[in-house]
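First the proteins, then the strands, lettered A, B, ... as listed; each starts at 1.
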There are 2 protein chains.
Amino acid sequence: MRHRLKDVAERAGVSVKTVSNVVNGYQHVRADTRARVEEAIAELHYRPNLSARNLRKGRTGVIALAVPELDIPYFAELARHVVTAAAEHGWTVLIDQTGGGSEQERKAASGIGDHMIDGLILSPLALTADDLAALDGLPMVLLGERVDHGPADHVMVDNVAAAREITAHLVGLGRRRIAAIGSQRTPEGASARLRLAGYAAALAEAGIAYDDRLVAPAPAWHRADGAAAMRHLLTSGVRPDAVFCFNDTLALGALRALHEAGLRVPEDVAVAGFDDIEDGRFSIPTLSTVAPDKERIARLAVELLAGRLGPDREAPPRELVAPHRLALRESA
Amino acid sequence: MRHRLKDVAERAGVSVKTVSNVVNGYQHVRADTRARVEEAIAELHYRPNLSARNLRKGRTGVIALAVPELDIPYFAELARHVVTAAAEHGWTVLIDQTGGGSEQERKAASGIGDHMIDGLILSPLALTADDLAALDGLPMVLLGERVDHGPADHVMVDNVAAAREITAHLVGLGRRRIAAIGSQRTPEGASARLRLAGYAAALAEAGIAYDDRLVAPAPAWHRADGAAAMRHLLTSGVRPDAVFCFNDTLALGALRALHEAGLRVPEDVAVAGFDDIEDGRFSIPTLSTVAPDKERIARLAVELLAGRLGPDREAPPRELVAPHRLALRESA
DNA sequence: AGCGTTGCTTACAACGTTGTAGAAACCAGG
DNA sequence: CCTGGTTTCTACAACGTTGTAAGCAACGCT
């Protein structure tokens, strides 16, 4: 049913290696031989066995992308860009869901592939420097916050600056009681810490006192968490006139909670998010947010990985910052 | 750097095959031998080379999931469930984006794997029966509409019934000028045709005349298309008092357009969708929709595939229908 | 003691491919 | 028609793994 080089070779009356040469476009093959082989290939519907090729070559042509959750729109959108960018390098992308657990992430990084993949683009939540050091073997590019002094390449946005800018925008609207939603105490919360720092910096610059009661934690960054946090803020007696949510899904949840409380956005409370996901362009009201250049992030990550697999094999870890901008819409 | 069975064998003072037996949990290995081998494995950080194993076994442990677009929430949510279900069978999932083009889909089905994958779960938009017949080799499960008389297993929801139910619900609310958004004339629009049929059936049952002007086409099923279609309906002079959108993203776009037009949902216009994506639970207003059991769909698909790869290798094509229910919320 | 049985281990070949090295065919120039 | 240099093709080995079959102890039974 499934044919091998050998079958094609017999049919074309040449050696196995000659067929291999035709398949791989090797140049020294006479035109008529090539034609005969190609005919045989077509007739038998021959397709190379990638496992065998990989075994022989030590390369698989597959890279993995490991993200915490696929149905968080930010990661889905990012995944699309990574797939596109990787395709330009002739790679297939194996998309992996880590669930954000350090165990899962370690497994993704060390386990997935074991010779099944050439490299890994990992968006870590829980991974520590120790975990990374233990991996070593696999060429890897990390997305998001720096795992301090990890040995891997890195693509990130300037979270602190971005958070500062969007908070400053809220200040510029005349808001003074600006809440933040999404803080996290856990070690996984690297992004949360940086965005909180940016938020605090903007307040400080504006001479607004940092008020602990205005900072709402969120165990995860889903819509439900945003809604819950917002409800908590509203019932706790601190009446914010603006909220900076650490990502867009939190913000969409917050919008929902404000709506249920009968408050108008942005008149009563301005809302800002982070990520610029598709939903935010159609929500009611549309969402003002930080727009990281996801396409660029994906492209940079793929390119770093390409470097690691090629000429820059032994280069020192590099760290690239992708640009971001503010996408100001109705909510703030 | 990377070690092989042979290295472990030498270190443990046993044969290569014995190490292989330990790795694969073969039973006839003396406890002390096993211990020695395991120690050697640990010391060398040995990990099997999957390419070699696959070559030998003819199985890769990877299945592919090919969907049109990853950042359509429905597919992202589905992907998550598939990954979860596949993990229970010990499979890794290679997620592929076809973009909905028939060329791409054919490539996904025939090309991706070529011995890289054991099977394929494909959500086809454009694939014809001919395309499928040409593939043959790869065990495959299709999601969504039947490609007529294709030879592959199939998991679907009863689109006609579901569409009829949700439309009947709109009728039950007392609406009479019920629009539909999302019709498609192209061959890709199999889902669109079925949902339109369900819509028409519900109208007929209620004795409401089918009005062509109330049926708005949508080239794709994105939020922007839904918004555009809704705007078109509103400006064309046919004032609907309800809209059934053929998926949730269309519906979210429609909500947005209605909001911009100053119309209230559901008071002025009731809105219903299809898919039950996460967004719809937090939109303003929350979205009434058809909720296909995505978790079940994923599980059935994986199980069918498992069957094809195992005992039911030669079974005739099966067709399973996953249940759905109405998720009635604020918008209708 | 001889026999079969059971438990443990091993050598060998094979999976389908490609790199290496070299053989065969071809070509031009004398 | 030989020489030397290409071009074109081929045999062989290897990538790392596992299935097969067979070897070797040690055991219990007659």
Side-chain angles (χ1 to χ4, degrees), chain A residues 1-41 44-62 90 111 113-118 137-138, chain B residues 1-41 44-62 90 111 113-118 137-138:
Chain A
M1 189 75 280
R2 212 110 213 206
H3 297 283
R4 335 194 284 295
L5 279 182
K6 196 179 166 202
D7 303 314
V8 179
E10 280 169 8
R11 184 166 193 115
V14 296
S15 80
V16 170
K17 189 63 216 296
T18 297
V19 180
S20 169
N21 287 337
V22 170
V23 169
N24 294 288
Y26 180 70
Q27 43 182 338
H28 293 308
V29 180
R30 233 172 36 219
D32 62 322
T33 314
R34 179 183 302 275
R36 233 173 40 249
V37 170
E38 274 167 353
E39 195 181 349
I41 287 177
L44 296 179
H45 296 109
Y46 167 77
R47 322 201 121 263
N49 180 322
L50 295 190
S51 285
R53 180 179 283 175
N54 298 340
L55 171 60
R56 186 59 237 239
K57 294 213 175 188
R59 281 284 184 87
T60 66
V62 176
D114 281 329
H115 302 267
M116 284 281 298
I117 59 176
D118 294 338
L138 193 64
Chain B
M1 189 76 279
R2 213 111 213 208
H3 297 282
R4 332 192 288 290
L5 280 181
K6 196 180 167 203
D7 303 314
V8 179
E10 279 168 9
R11 185 165 191 116
V14 296
S15 78
V16 170
K17 189 64 215 297
T18 298
V19 180
S20 169
N21 287 337
V22 170
V23 170
N24 293 289
Y26 181 71
Q27 44 182 337
H28 291 308
V29 179
R30 233 173 36 221
D32 61 324
T33 313
R34 178 184 303 276
R36 231 170 44 247
V37 170
E38 274 167 353
E39 196 179 351
I41 287 177
L44 296 179
H45 296 108
Y46 167 76
R47 321 201 121 263
N49 179 323
L50 295 191
S51 285
R53 179 178 286 175
N54 297 341
L55 172 60
R56 185 60 236 241
K57 293 211 172 188
R59 282 284 185 87
T60 66
V62 177
D114 281 328
H115 302 266
M116 284 280 298
I117 60 176
D118 295 339
L138 192 65

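Scanning both residues, A/A40 and A/A12, for their nearest heavy atoms gives CB-CB, 4.0 Å.
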Q: Produce a footprint string for nucleotides 17-27 of chain D: one letter per nucleotide, 5' end first; B if the base is under 4.0 Å from any protein heavy atom, S if only the sugar-phosphate is, - if neither.
A: BBBB-------

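Distance CG (A/N54) to P (C/dC15): 18 Å, rounded to an integer number of Å. Between A/H28 atom NE2 and C/dG19 atom P the separation is 15 Å, expressed in whole Å. Rounding to whole angstrom units, CG of residue A/D32 and P of D/dT7 are separated by 17 Å. Distance B/E10 CD to D/dG16 P: 13 Å, rounded to the nearest Å. When rounded to the nearest whole Å, the span between CZ of A/R34 and C1' of D/dT8 equals 11 Å.
Rounded to the nearest 0.5 angstrom, B/E38 CD and B/T33 OG1 are separated by 11.0 Å. To the nearest 0.5 Å, atoms CG (B/N49) and CG (B/N54) are separated by 8.5 Å. Rounded to the nearest 0.5 angstrom, A/R34 CZ and A/T18 OG1 are separated by 10.5 Å.
Sorted by first and then second residue, the ring-ring contact (aromatic ring centres under 6.0 Å, His included) pairs with a member in residues 9-37 of chain B read B/Y26-B/H28; sequence neighbours excluded.
Checked against side-chain hydrogen bond (donor to acceptor under 3.5 Å, both in side chains), B/S20 has the following partners two or more places apart in sequence or in another chain: B/N24.
Proximity note for B/T18 (side chain, C-beta onward) versus D/dT10, C/dT10, C/dC8: the nearest is C/dT10.
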